[in-house]
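Scope of the values below: all heavy atoms of this structure, side chains included, with no hydrogens, waters or symmetry mates.
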Amino acid sequence: QVQLAESGGGLVQAGDSLRLSCAASARTISTYAMGWFRQAPGKEREFVAAITRSALSTYYGDSVKGRFTISRDNAKKVAYLQMNSLKPEDTAVYYCAAVAAGSNLQTAILYDYWGQGTQVTVSS
């Protein structure tokens with residue numbers, strides 16, 4: 001069983017940066033790929049970014065490419081999402097997720113574990 005806890009959300013202005021953290025309470029996270037998703041009010045959950053178990057590969061949603069960076073520290077059992085050049089349309093609840101599978105990391109329903117989410121609000 002893996003429990004995930006996101007932190008680092010908040011209210012920022014357009015153009016600002018935030019770094020989200022996802023701490024895992026598990027013996028190890030090195031056997032899981034990690035992903036970030038977001039959901040804005042009235043919208044479906046959207047893929048943001050994912051990173052493979054060994055961090056050799058990363059994947060990004062089109063709307064965040066070039067602005068967001070996903071990383072992980074398996075020793076600390078933490079995944080990160082660095083968000084730069086934030087826009088009002090980035091406003092959403094951001095969720096961290098873990099999946100034992102190694103493919104189709106953009107697909108939310110394949111993930112095994114989810115955090116509670118952290119709110120990110122970007123004002124214009």
Side-chain angles (χ1 to χ4, degrees):
Q1 189 77 4
V2 177
Q3 292 183 323
L4 303 173
E6 303 93 338
S7 62
L11 172 63
V12 297
Q13 293 186 333
D16 286 349
S17 298
L18 274 178
R19 188 176 81 157
L20 304 183
S21 298
C22 173
S25 61
R27 186 174 62 84
T28 180
I29 64 168
S30 61
T31 55
Y32 295 92
M34 303 296 292
W36 287 94
F37 293 80
R38 67 187 183 186
Q39 189 164 19
K43 295 188 177 181
E44 294 186 352
R45 192 162 295 191
E46 176 189 12
F47 169 72
V48 175
I51 187 168
T52 54
R53 301 181 190 94
S54 58
L56 287 178
S57 297
T58 56
Y59 306 90
Y60 296 93
D62 289 341
S63 61
V64 306
K65 281 180 183 176
R67 299 188 298 123
F68 291 11
T69 302
I70 189 171
S71 61
R72 65 190 296 161
D73 186 331
N74 286 344
K76 294 182 178 179
K77 296 185 288 184
V78 181
Y80 302 99
L81 184 69
Q82 177 67 42
M83 306 186 294
N84 298 330
S85 302
L86 283 161
K87 304 175 181 180
E89 50 263 45
D90 294 318
T91 295
V93 177
Y94 282 71
Y95 297 91
C96 172
V99 60
S103 60
N104 297 320
L105 297 182
Q106 300 93 329
T107 306
I109 60 173
L110 297 181
Y111 280 75
D112 303 302
Y113 303 101
W114 290 84
Q116 296 290 335
T118 185
Q119 177 71 46
V120 172
T121 303
V122 184
S123 64
S124 57

A.B. asks: Side chain of Asp90, backbone of Val120: donor and acceptor closer than 3.5 Å?
C.D. replies: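 Here the side-chain-to-backbone pair does not exist.
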A.B. asks: Can you measure from CD (Gln119) to OG1 (Thr91) and round to the nearest 0.5 angstrom?
C.D. replies: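 Interatomic distance, Gln119 CD to Thr91 OG1, rounded to 0.5 Å: 7.0 Å.
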A.B. asks: Using modelled atom types and a 3.5 Å cut-off, is there a donor and acceptor pairing between side-chain atoms of Asn74 and backbone atoms of Arg53?
C.D. replies: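 Checking the backbone N and O of Arg53 against the side chain of Asn74, a donor-acceptor pair under 3.5 Å is found.
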A.B. asks: Could you check if a side-chain atom of Arg45 sits within less than 4.5 angstrom of a side-chain atom of Trp114, using non-hydrogen atoms only?
C.D. replies: yes
A.B. asks: Is there a donor-acceptor pair closer than 3.5 Å between any side-chain N or O of Thr58 and the backbone N or O of Ile51?
C.D. replies: no
A.B. asks: Is there a donor-acceptor pair under 3.5 Å between the side chain of Asn104 and the backbone N or O of Thr107?
C.D. replies: no
A.B. asks: Could you give the distance from OG (Ser25) to CG (Leu4), rounded to the nearest 0.5 Å?
C.D. replies: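 Spacing of OG (Ser25) from CG (Leu4) equals 7.0 Å.
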A.B. asks: Is the gap between the ring centers of Phe47 and Tyr59 under 6.0 Å?
C.D. replies: no
A.B. asks: Any chain of hydrophobic side-chain contacts (each under 4.5 Å) joining Val64 to Leu86?
C.D. replies: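 Yes, one cluster joins them.
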A.B. asks: Quick one: CD on Gln82 to OG on Ser21, what's the gap to the nearest 0.5 Å?
C.D. replies: 9.5 Å
A.B. asks: Applying the side chain to side chain contact (heavy atoms under 4.5 Å, CB included) criterion to Leu81, which one of Leu18, Thr69, Leu20 satisfies it?
C.D. replies: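 Checked Leu18, Thr69, Leu20 against Leu81; only one passes side chain to side chain contact (heavy atoms under 4.5 Å, CB included): Leu20.
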A.B. asks: How many angstroms lie between CZ in Arg38 and OG1 in Thr118, if you round to the nearest 0.5 Å?
C.D. replies: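 Answer rounded to 0.5 Å: 14.0 Å.
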A.B. asks: Spell out, yes or no, whether Val12 and Tyr94 are grouped together once hydrophobic residues are joined by side-chain heavy atoms under 4.5 Å, including indirect joins.
C.D. replies: yes
A.B. asks: With a 6.0 Å cut-off (strictly less than), is the heavy-atom count around CD of Gln3, excluding the residue itself, greater than 12?
C.D. replies: no
A.B. asks: Would you say Arg72's side chain and Thr52's backbone share a donor-acceptor pair under 3.5 angstrom?
C.D. replies: yes
A.B. asks: Identify the heavy atoms of Ala14 and Ser124 that sit nearest to each other, and give their distance.
C.D. replies: CB-CA, 4.4 Å
A.B. asks: When you measure from the side chain of Tyr111 to the backbone N and O of Leu105, does any donor-acceptor pair fall under 3.5 Å?
C.D. replies: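 Side chain of Tyr111 to backbone of Leu105: a pair is present.
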A.B. asks: Checking the side chain of Gln13 only, and the main-chain atoms of Ser123 only, is there a donor and an acceptor separated by less than 3.5 Å?
C.D. replies: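 Judged by distance alone, no pair lies under 3.5 Å.
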A.B. asks: CD of Glu89 to OG of Ser63: how many Å apart, nearest 0.5 Å?
C.D. replies: 8.5 Å
A.B. asks: Under a 3.5 Å distance rule, please check whether Glu6 uses its side chain to pair with a backbone N or O of Gln116 as donor and acceptor.
C.D. replies: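 Confirmed, Glu6 side chain pairs with Gln116 backbone.
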A.B. asks: Classify the angle between the aromatic ring planes of Tyr32 and Tyr113 as parallel (below 30°), tilted (30 to 60°) or perpendicular (above 60°).
C.D. replies: perpendicular
A.B. asks: Between Ala26 and Val2, which heavy-atom pair has the shortest distance, and what is it?
C.D. replies: CB-CG2, 3.9 Å
A.B. asks: Can you tell me how far the OG atom of Ser17 sits from the CZ atom of Arg19, to the nearest 0.5 Å?
C.D. replies: 12.0 Å
A.B. asks: Examine Ile70 and Tyr95 and state if one hydrophobic cluster contains both, with Ile, Leu, Val, Met, Phe, Trp and Tyr joined whenever side-chain heavy atoms are less than 4.5 Å apart.
C.D. replies: no
A.B. asks: Grab the two heavy atoms, one from Ala98 and one from Met34, that are nearest each other, plus how far apart they are.
C.D. replies: CB-SD, 3.7 Å
